[in-house]
Peer 1: 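This is the structure I have questions about; it appears just below.
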Amino acid sequence: MAASRSFRMEHFADYLSFERGLSDRTIKAYHRDLDRLLDFLEGRGIQRPRDIGHRDLREHVYALKERGLAPSSIRRALSSMRTYFAFLLAEGVLEADPSERLESPRVGRKLPDFLSEEEVVRLLEAPRAEHRFFWRDRAILELLYATGIRVSELTELRLSDLELDEGFCTVFGKGSKERMVPVGGAARRAIGRYFEKVRPGLEKGEGEGVLFLNARGRPLSRMTIWTIVRENAERAGLRKRVSPHTLRHSFATHLLERGADIASVQELLGHADISTTQIYTHVDREYLQGIHRKFHPRA
């Protein structure tokens, strides 16, 4: 249990579930891979993430091979480790990635799930107008799609981070990196209605200056936002598995489909490395140019 706390496994499970929106089956596969890793590290006397070195991980991979694991299983274990160490880097637990130099067979990256523009419209229009939190939930959906921000960034968005008259918000991403993201007209209008009709009734002095509040006047959790997205996707009749991250993928895909350049999309998404953004270049295009305000369908 102490090792689990030291290695932040519960926080990692929350990240996989609420921010990445992964299925229970996939999360269990991550845990199987990482449980093997932690058992191996414990056997080497390693008690903290910062004590893990590249050689430890390499020896772990050799041990997996000696146990007779199939190459596909080892590739999956490497993927689990890389995701895990990227999470620890983003959380500020590590300053360097010990898995960075691990080699694995080249495999194609899975294209992210995304919604068509028509499906996005159905999702955005799914909240029930008679519901008490209609404008809050509508503003959440509009803002996720308008900006492509992560669910963790949305939950931490403060009133002071908004410049709606200018059409921007300040987002603090992974590693506390700050970026400015444009907010389109549809999202600004929904947020304005939320300010006018809903938020004053929720604010009880415990909102901590956060934009989106729950019925008790406290900041919304990632789980609640994930639930809002899922329930409205079901109401919209979408058969795909939809999470906040799906709207982030849709945001990036639609910008590129309409001609936005990949460097601009990288900046908007807050990706440190453009190679992370390049997975979205499955869309058809001749030239990549323009900016968010010109190309985003709801700007």
Side-chain angles (χ1 to χ4, degrees), residues 1-110 112 150-153 155-156 172-178 221-223 226 243 245 269-277 279:
M1 183 64 71
S4 180
R5 287 197 297 269
S6 172
F7 286 91
R8 300 178 69 86
M9 293 305 296
E10 291 184 4
H11 291 81
F12 182 61
D14 287 344
Y15 163 76
L16 294 176
S17 179
F18 305 134
E19 186 160 337
R20 294 285 301 276
L22 301 183
S23 67
D24 289 342
R25 180 178 179 180
T26 301
I27 293 172
K28 287 178 181 177
Y30 271 96
H31 274 283
R32 282 195 300 272
D33 292 332
L34 294 173
D35 283 344
R36 287 196 195 105
L37 173 63
L38 295 187
D39 287 343
F40 178 84
L41 295 173
E42 184 178 5
R44 295 171 74 92
I46 295 172
Q47 298 294 323
R48 300 177 302 174
R50 69 181 64 178
D51 296 330
I52 303 171
H54 167 72
R55 182 172 296 179
D56 299 310
L57 299 183
R58 188 175 60 187
E59 292 296 329
H60 174 58
V61 173
Y62 288 156
L64 294 179
K65 291 178 180 178
E66 290 174 357
R67 290 174 59 176
L69 263 69
S72 59
S73 297
I74 293 174
R75 284 198 300 269
R76 191 197 64 208
L78 288 167
S79 176
S80 297
M81 284 191 281
R82 291 191 176 104
T83 300
Y84 172 63
F85 288 115
F87 165 78
L88 293 181
L89 280 172
E91 293 287 303
V93 176
L94 295 179
E95 295 181 358
D97 184 355
S99 70
E100 190 172 34
R101 290 184 294 154
L102 286 177
E103 295 182 1
S104 60
R106 285 187 170 271
V107 293
R109 295 181 67 183
K110 180 180 180 296
R150 304 173 178 93
V151 66
S152 58
E153 295 168 345
T155 59
E156 296 171 4
F172 295 90
K174 293 184 175 180
S176 298
K177 292 182 179 178
E178 178 181 330
S221 67
R222 286 183 286 184
M223 180 187 295
W226 197 93
S243 72
H245 225 63
L269 291 173
H271 285 161
D273 190 334
I274 200 167
S275 65
T276 309
T277 317
I279 194 170

Peer 1: Measure the CD1-OH distance between I27 and Y15 for me, rounded to the nearest 0.5 Å.
Peer 2: 11.5 Å
Peer 1: What's the shortest heavy-atom distance between D33 and R76, and which atoms?
Peer 2: OD1-NH2, 2.8 Å
Peer 1: Is there a side chain to side chain contact (heavy atoms under 4.5 Å, CB included) between M81 and V61? Walk through the geometry before answering.
Peer 2: CA-CA 11 Å; M81 284 191 281; V61 173; 4.1 Å; yes
Peer 1: Roughly how far apart are W226 CH2 and S17 OG, rounded to 0.5 Å?
Peer 2: 6.5 Å
Peer 1: Under 3.5 Å, side chain of H245 to main-chain N/O of G21, donor-acceptor pair present?
Peer 2: no
Peer 1: Whether D35 and R32 form a salt bridge (side-chain N of Lys/Arg under 4.0 Å from carboxylate O of Asp/Glu) is what I want to check.
Peer 2: no
Peer 1: Charged N to carboxylate O under 4.0 angstrom, D14 versus R222?
Peer 2: no
Peer 1: How long is the gap from CZ on F87 to CG on L89, to the nearest 0.5 Å?
Peer 2: 11.0 Å
Peer 1: Take R48 and D51 through the test salt bridge (Lys or Arg N to Asp or Glu O under 4.0 Å) and record every step on the way to the result.
Peer 2: CA-CA 6 Å; R48 300 177 302 174; D51 296 330; 3.1 Å; yes
Peer 1: Quick one, F7 with I52, criterion side chain to side chain contact (heavy atoms under 4.5 Å, CB included). Give me CA distance, side-chain angles, the key distance, then yes/no.
Peer 2: CA-CA 11 Å; F7 286 91; I52 303 171; 3.7 Å; yes
Peer 1: Taking the side chain as every heavy atom from C-beta outward, state whether E59 and R44 have any pair of such atoms under 4.5 Å apart.
Peer 2: yes
Peer 1: I need the full list of ring pair (Phe, Tyr, Trp, His ring centres under 6.0 Å) pairs touching residues 26-48, with sequence neighbours left out, sorted by first then second residue.
Peer 2: F40-H60
Peer 1: Can you tell me how far OG of S23 sits from CG of L16, rounded to the nearest 0.5 angstrom?
Peer 2: 10.0 Å
Peer 1: How close do G270 and R150 get, heavy atom to heavy atom, and via which atoms?
Peer 2: O-NH2, 3.7 Å
Peer 1: Is a side-chain donor-acceptor pair under 3.5 Å present for S80 with T83?
Peer 2: no
Peer 1: Distance check, rounded to the nearest 0.5 Å: L41 atom CG versus L37 atom CG?
Peer 2: 4.5 Å
Peer 1: Starting at NZ of K177, measure out to CZ of F172 and round the result to the nearest 0.5 Å.
Peer 2: 14.0 Å
Peer 1: Taking R50 as the fixed residue, which of L94, V93, L88 is the one that meets the side-chain contact (heavy atoms from CB on, under 4.5 Å) rule?
Peer 2: L94
